[in-house]
Each structure stands twice: as C-alpha cells, then as structure tokens.
2 protein chains.
Amino acid sequence: MTISTKAEEGAPLLSTTPGFEPDGDGGCPIREVLDRVGDTWSILVIFNLQEHPLRFNALRRCIEGISQRMLTVTLRSLERDGLVARRVKPVSPPEVEYSLTELGASLAGPIDALGSWGARHRAALRAARAAFDAG
Amino acid sequence: MTISTKAEEGAPLLSTTPGFEPDGDGGCPIREVLDRVGDTWSILVIFNLQEHPLRFNALRRCIEGISQRMLTVTLRSLERDGLVARRVKPVSPPEVEYSLTELGASLAGPIDALGSWGARHRAALRAARAAFDAG
DNA sequence: CGGCATCCCAGAAGATACTG
DNA sequence: CAGTATCTTCTGGGATGCCG
C-alpha cells in the first residue's frame, strides 16, 4: 500500500474491526472508538500527549518500543480523525509539534480511567494470571 | 505456537506491547491494561458480558465478525487474567456459560466511558475524517 | 454445543536506507 | 529533525476438520 496522506476512498489505514456496516450508524459505539484508537499505539500516543505537546522524537522516546514508521502512521491516523493536531514551525532543522485537539483531549478522560483502573488492579491481574498458570 | 492452556513460562498468548520490562513494575499502567485487553476482541467481549452472562454461541452472535477460534482464544486470555469466569454445566450437550468476574465488572466502567465518549463524538469523528480526506 | 489442532495468508509492524 | 520508501519478517486471525 502506498501511504497516501489523503487516504483515497476510505482506505482503512488502521482498522481493527473487520469491515462490517460499511457506514451505517446502527452499530455499538464501542466499535466506533475501537476502529479509531483500538490499534496497538494510538492510546499510548494520546496518553503521552495529554500533559503537553511534544515533538516527533520526544514523543518517540516516551513510547518505548514504537518504531519511527509506526509513530508516523499512528499520528497520521489520529490527525485524520481530528484527535491530534500537527503544527510545523518553519525553521531549520524543521520542528514539528503534536498536540491533542479538543476532541483528543476529551478522549484523554476515558483513557485515564483505563489507566487508573490498571494501576488499581495491577496486583490482582498478576495474581490471577499467576494462579491460572499454576493451576 | 502450540496453544497451551497453561501457557508455560509466561507465553504472551495475546500481547500487544512488545516485550519490554520483563516484569518490572515501573511502567505506565496503561501498558498493563493494553497488554491484557488491548487486542481486537477483548473489550467487545467484556462489553457484551456486562449485562448478563452468556453462553459461547450466544456471545458469538453478539460480536459480529468474530470467529469461533478468536472467541475461544480471547475468552481464555480473559479467563487467565481473572476478568471472565467460565462455568460448565454438566449436561448433554454441554452448556458453558461465561460471565464477568468482579474484577471484570470493575473494568466495565472505564469501557463504558469509552463507549459513551464514542456515542457523544461519533459525528465529530466522522466530520473530521471527511474533512481530512477532502482537504 | 463448545471446543482444539492444523494449515495458511493478509496485513501489521520492524529494519534499514535515503531525503528536504 | 522529521519524515518517506522499500524490503522483510512476524503474527493475528480465517477456514476447515475432528472430538467429547
């Protein structure tokens, strides 16, 4: 696939849920969310942008294990959905700053809920897993 | 990979985040959550179990597009992490009922937050995408 | 009915090299 | 610095068949 910025004719680019409901809107809203941020990296990117905007490589350093390519792809996808804004400062060498849009910031709430749930139940999760693997 | 129920020696089974931080616990809790339910189907399964327990095929019918295999794999993973409980009624033909554990039910809150965010901003998401693709 | 095992493939993601 | 292009690798997941 040629990565086109303009994603001709509804190219998925990043899509988790199989292509059901072409664009009908009866489906459960969870699907809608997961289709947009349900991939491997999107949530982590949004999470790391909520404090303050970050430049490309700074963001990259925050998200351990993400490749340059995947960060680019993920950012494009988030930009496309209006969750992240991209701002280029016309200097040399170029500076590109990524920030959450208002829409993106509003998603940070639910994401934090997930995060704090994880923090609260981290021990329980590990215990459950250990018990299951032992038993 | 041979799918072993007992997952010898920490086999990922379903893992999104690459294998950093073997089991240190300094990482951000988001990673912890995503490692467990960050895959394609887990969230949808939990979401569909929150009303009431469901049997295998009933659950399958709720989640459009999921294959039998993936439902099995996903349920095992959730069971392993103590989010879903599996109850077999010893009748013939066998009845297997899946329900959320207390831990799983506690995760339904954050998931719902995501869902209602999706419901609220569905239009905005589509508008943003359309604008980006047009522009 | 509720699985597990096998085969197989598309698409996700890594590595590397090159540009404005 | 912030990408893009290309090539390759890896693995999620579909299809199918068999079993208790």
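Listed by first then second residue, pairs satisfying ring-ring contact (aromatic ring centres under 6.0 Å, His included) with a partner in residues 99-129 of chain B read B:W117-B:H121, not counting sequence neighbours.
Checking C:dG3, D:dG13, C:dG14 against every side-chain atom of B:W41, the shortest atom distance belongs to D:dG13. In this structure, the nucleotide among C:dT6, C:dG2, D:dG3 sitting nearest to the side chain of B:R69 is C:dT6. Comparing D:dG3, C:dA12, C:dC4 by their closest approach to the side chain of A:T40 singles out C:dA12. With D:dC1, C:dA13, C:dC4 as the choices, the nucleotide that has an atom nearest any side-chain atom of A:N57 turns out to be D:dC1. Nearest to the side-chain atoms of B:R76 among the listed nucleotides C:dG3, D:dA2, D:dG13 stands C:dG3.
Spacing between atom CG of B:L71 and atom P of C:dG3 amounts to 8 Å, rounded to whole angstrom units. B:D39 has its CG atom 19 Å from the P atom of C:dG11, to the nearest Å. To the nearest angstrom, P of D:dC10 lies 17 Å from CE of A:M70. Between B:L54 atom CG and C:dG2 atom P the separation is 11 Å, expressed in whole Å. Regarding A:R61, its CZ atom lies at a distance of 10 Å from the C1' atom of D:dC1, rounded to whole Å. Protein atom CD1 of B:I66 is 15 Å distant from nucleotide atom C1' of D:dA15, rounded to whole Å. Look at CG on A:L75: it is 11 Å from P on D:dA2, rounded to the nearest Å.
Atom CD1 of B:I111 sits about 4.5 Å away from atom CD1 of B:I46, to the nearest 0.5 Å. Note: A:R120 CZ to B:L107 CG = 10.5 Å, rounded to the nearest 0.5 Å.
A donor and an acceptor atom sit less than 3.5 Å apart, one in the side chain of B:Q68 and one in the base of C:dC4.
Residues of residues 85-101 of chain B that place a heavy atom closer than 4.0 Å to DNA chain D, in numerical order, are B:P94.
A:S106 places a side-chain N or O within 3.5 Å of a backbone atom of A:L103 that can act as its donor or acceptor partner.
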### Query
Would B:R31 and A:I63 satisfy side chain to side chain contact (heavy atoms under 4.5 Å, CB included), going step by step from the backbone distance to the final call?
CA-CA 10 Å; B:R31 291 296 260 261; A:I63 307 176; 4.1 Å; yes

### Message
One pair to check against side-chain hydrogen bond (donor to acceptor under 3.5 Å, both in side chains): A:Q68 and A:N57. What are the steps and the verdict?
### Response
CA-CA 9 Å; A:Q68 190 186 46; A:N57 280 325; 5.2 Å; no

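B:R55 has a side-chain polar atom (N or O) that falls below the 4.0 Å cut-off from OP1 or OP2 of C:dG2.
Taking the charged nitrogens against the carboxylate oxygens, A:R126 and B:E32 do have a contact shorter than 4.0 Å, which makes a salt bridge.
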